[in-house]
Amino acid sequence: MTEKIQAIRGMNDILADETGRWQSLEALIRRVLEQYGYQEIRFPILEKTELFAHSIGETTDIVSKEMYSFVDRNGDNLTLRPEGTAGCVRAGLQHSLFQTGVQKLWYNGPMFRRERPQKGRLRQFHQTGVEAFGLPGPDIDAELILLCARLWRELGLDDITLQINSLGSAAARLAYRNVLVEYFTGHKDQLDEDSRARLERNPLRILDSKDPDLQNLIANAPAMSGYLDPESADHFAGLQELLTGAGVTFTVNPRLVRGLDYYCKTVFEWVTSRLGAQGTVCAGGRYDGMVEHFGGKTTPAVGFALGMERLLELADLKEPLDSRPDLYFIHAGAGSEARAMQLAEQVRDAHPSLKVILHCGGGGMKSQFKKADRSGASLALILAEDELARNTVAIKHLRRDLPQREVAWPALPGALSELLMNV
RNA sequence: GUGAGCGUAGCUCAGUUGGCAGAGCGCAGGAUUGUGGAUCCUGUGGUCGUGGGUUCGAGCCCCAUCGCUCACCCCA
């Protein structure tokens, strides 16, 4: 047997019976973002590998083992984007967006990471990202968090909790890093294999470990809060004040460090316990150094990303409006098909918002009625020998107990207006 | 990359100590030659994931392999 062709592992199809829920989620998010004055930006799925390596960090798991990278025909190293922030910054830089003051941007689309798929984690997954450039204060951090809180409210999600932390300035982070290395080196015998490797490459991540044997050691580790530079400490205090004032409840989690290297100062994560092992629905933070790092002028920046698949699993979303057709046009007998097609076009001209299915594929009246019923249409239009001879169309109610009518062809659009106004 | 569980019809799943591969749903047709839904009848459906082994005989036992799922790791 020839092997059935299959999608790549972890890259799922979203079929027609699911796209309605996607559309309503996307529409809701778009509406809220526009409410806050954010504008959509679109940038490529493919970028030069160095863009991600230099922003996310060479030693992070994403860059070191999870990227879909390949060599282009001209020798360029290209990578399917594992996240959106880097591409957004690149686009902003390339088009001098950061010269003109504040930019509040959002984007939505597929991201790619070559991990082992599991619940809430795919190799191609979808994120909505929101980024704000040019604002240094905690006010914008708070606005982003309030925006998220509004989304959860609108989605009817009340079991997502907020965790925040501050990583401090680059210098403070470096100082803290040294303290941590010293501490963990002193307890090297207690560390597991992964954590020992991280001691060299990314010691902050040890704080994130879920290994139960390490929890005691981690709990006693020196906390970042003790090493914050004054400016970052003020910023963090300011953020907490704003959140409290806005009535947002949060937990300060001193071990929240996030997996991407570019974060500084504020980091935050919205978490649920309803999703198994992948409980993070939304996460982000401040990355003041990135624009400058790529050659732009010093530009403060904050952003976050939403995991669309994870959100879809949580939210009880309805199909947008009614996906069922309004009319199902049945026709039979010589000459009926061309005439029905003509009439269907006239109905579509007169009523652009109606869904009109013209029966295709032949078959008897009985089977056409069956299909009309299964389509969910509220009305059937019938054009067979009798009607054709009389220059009329019959209109039959499929959902209500009302008598069948017969109207002359020119009167069809008008008759439909009447009927649909009564529905 | 590591570990565990699961692969039988388009879908959901039965399948006894190893003995003729099944049901429901769906789809198609009919009972009713121009009228759907409820009911009844008929039909359509499969290299039992794949390859090997044990056996007179394998969906079932053994080995390998691929795929899916969940978890670790990590992350949205």
Does the pair A:Glu83 and A:Arg113 meet the rule for a salt bridge (charged side-chain N to carboxylate O under 4.0 Å, His left out), with working shown?
CA-CA 9 Å; A:Glu83 56 107 49; A:Arg113 291 182 202 172; 5.9 Å; no
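- Between the side chain of A:Gln118 and the base of B:C73 there is at least one donor-acceptor pair of N/O atoms closer than 3.5 Å.
- Between A:Tyr107 atom OH and B:A76 atom C1' the separation is 10 Å, expressed in whole Å.
- Going from the C1' atom of B:G19 to that of B:G24 covers 26 Å, rounded to whole Å.
- The aromatic rings of A:Phe43 and A:Tyr107 sit perpendicular, their planes meeting at an angle over 60°, well past the 30° parallel limit.
- Nearest to the side-chain atoms of A:Asp386 among the listed nucleotides B:C72, B:C68, B:G34 stands B:G34.
- Put simply, CD1 on A:Ile330 is 10 Å from P on B:G36, counting in whole angstrom units.
- Residue A:Asp61 contributes atom CG, which lies 11 Å from atom P of B:A76 at whole-angstrom precision.
- A:Arg390 places a side-chain heavy atom less than 4.5 Å from the side chain of A:Glu406.
- Residue-level contact check: A:Ile382 touches the bases, meaning some heavy atom is under 4.0 Å from a base atom.
- Tested against A:Asp373 for a salt bridge (charged side-chain N to carboxylate O under 4.0 Å, His left out), the candidates A:Lys396, A:Arg399, A:Lys366 yield a single pass: A:Arg399.
- Atom C1' of nucleotide B:G36 and atom CG of A:Leu327 are separated by 16 Å, given to the nearest angstrom.
- More than 12 heavy atoms of other shown residues, nucleotides or ligands fall within 6.0 angstrom of atom CG in A:Asp159.
- For residues 266-289 of chain A, proximity to RNA chain B is found at A:Gly276, A:Ala277, A:Gln278, A:Thr280, A:Val281, A:Cys282, A:Ala283, defined as any non-hydrogen atom under 4.0 angstrom from a strand atom.
- For the pair A:His331 NE2 and B:U35 C1', the computed distance is 15 Å after rounding to whole Å.
- With both ends at atom C1', the span from B:G59 to B:C20 equals 14 Å, rounded to whole Å.
- Ring-plane geometry between A:His126 and A:Trp22 is classed as perpendicular, the angle between the planes exceeding 60 degrees on a 0 to 90 degree scale with a lower cut at 30.
- When base pairs are accepted only as Watson-Crick or G-U wobble with both N-N or N-O distances under 3.5 Å, RNA chain B takes part in stems of 3 or more pairs at B:1-7 with B:66-72, B:10-13 with B:22-25, B:26-31 with B:39-44, B:49-53 with B:61-65.
- Nearest-nucleotide positions on RNA chain B place A:Arg114 closer to the 5' end than the other of A:Gly120 and A:Arg114.
- In this structure, A:Gln6 atom CD and B:U69 atom P are separated by 10 Å, rounded to whole Å.
- The environment of A:Ile8 atom CD1 is sparse: at most 12 non-hydrogen atoms of other residues, nucleotides or ligands sit within 6.0 angstrom.
- Remark: the separation of the P atoms in B:A58 and B:U54 is 11 Å, to the nearest Å.
- Rounded to whole Å, the C1' atom of B:G22 lies 11 Å from the corresponding atom of B:G46.
- B:C25 and B:A21: their P atoms are spaced 24 Å apart (whole Å).
- As rounded to the nearest Å, B:G37 and B:U17 have C1' atoms that lie 48 Å from one another.
- Between the side chain of A:Gln404 and the base of B:U35 there is at least one donor-acceptor pair of N/O atoms closer than 3.5 Å.
- A:Phe329 contributes atom CZ, which lies 9.5 Å from atom CD1 of A:Ile382 (distance to the nearest 0.5 angstrom).
- Side chains of A:Leu144 and A:Tyr36 form no contact here, defined as non-hydrogen atoms less than 4.5 Å apart.
- Heavy atoms of A:Leu122 sit under 4.0 angstrom from at least one base atom.
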Please step through salt bridge (charged side-chain N to carboxylate O under 4.0 Å, His left out) for the pair A:Glu47 and A:Arg90, ending with a clear verdict.
CA-CA 9 Å; A:Glu47 298 273 2; A:Arg90 197 228 78 234; 2.5 Å; yes
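- Taking side-chain N and O atoms only, A:Gln368 has no distance below 4.0 Å to OP1 or OP2 of B:G36.
- Summarising the geometry, the separation between CD on A:Glu115 and P on B:C70 is reported as 14 Å, rounded to the nearest angstrom.
- Counting only N and O atoms by type, the side chains of A:Glu143 and A:Tyr38 include a donor and acceptor under 3.5 Å apart.
- Put simply, the residue from A:Lys355, A:His359, A:Arg374 that forms a side chain to side chain donor-acceptor pair (under 3.5 Å) with A:Tyr328 is A:His359.
- Interface remark: the A:Glu387 side chain does form a donor-acceptor pair with the B:G34 base, using a distance-only criterion of under 3.5 Å.
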Pick out the pairs of N or O atoms, protein on one side and nucleotides 37-41 of chain B on the other, that lie under 3.5 Å.
{"unit_1": "B:G37", "atom_1": "O4'", "unit_2": "A:Asp373", "atom_2": "OD2", "d": "3.0"}
{"unit_1": "B:G37", "atom_1": "N2", "unit_2": "A:Leu398", "atom_2": "O", "d": "3.4"}

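- Residues A:Val302 and A:Glu131 fail the side-chain proximity criterion, which asks for heavy atoms closer than 4.5 Å.
- Checking A:Leu388 against A:Glu83, the closest nucleotide of RNA chain B that is more toward the 5' end is the one next to A:Leu388.
- Nucleotides B:G67 and B:G29 are separated by 39 Å at their P atoms, to the nearest Å.
- Using P as the reference atom, B:U55 and B:U50 are 23 Å apart when rounded to the nearest Å.
- For B:C70, the base has no donor-acceptor partner in the side chain of A:Arg116 [N/O atoms by modelled type, under 3.5 angstrom].
- Rounded to a whole Å, the CD atom of A:Glu66 is 13 Å from the C1' atom of B:C72.
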Residues A:Phe70, A:Leu78; criterion side chain to side chain contact (heavy atoms under 4.5 Å, CB included); working and verdict
CA-CA 6 Å; A:Phe70 64 94; A:Leu78 305 182; 4.1 Å; yes
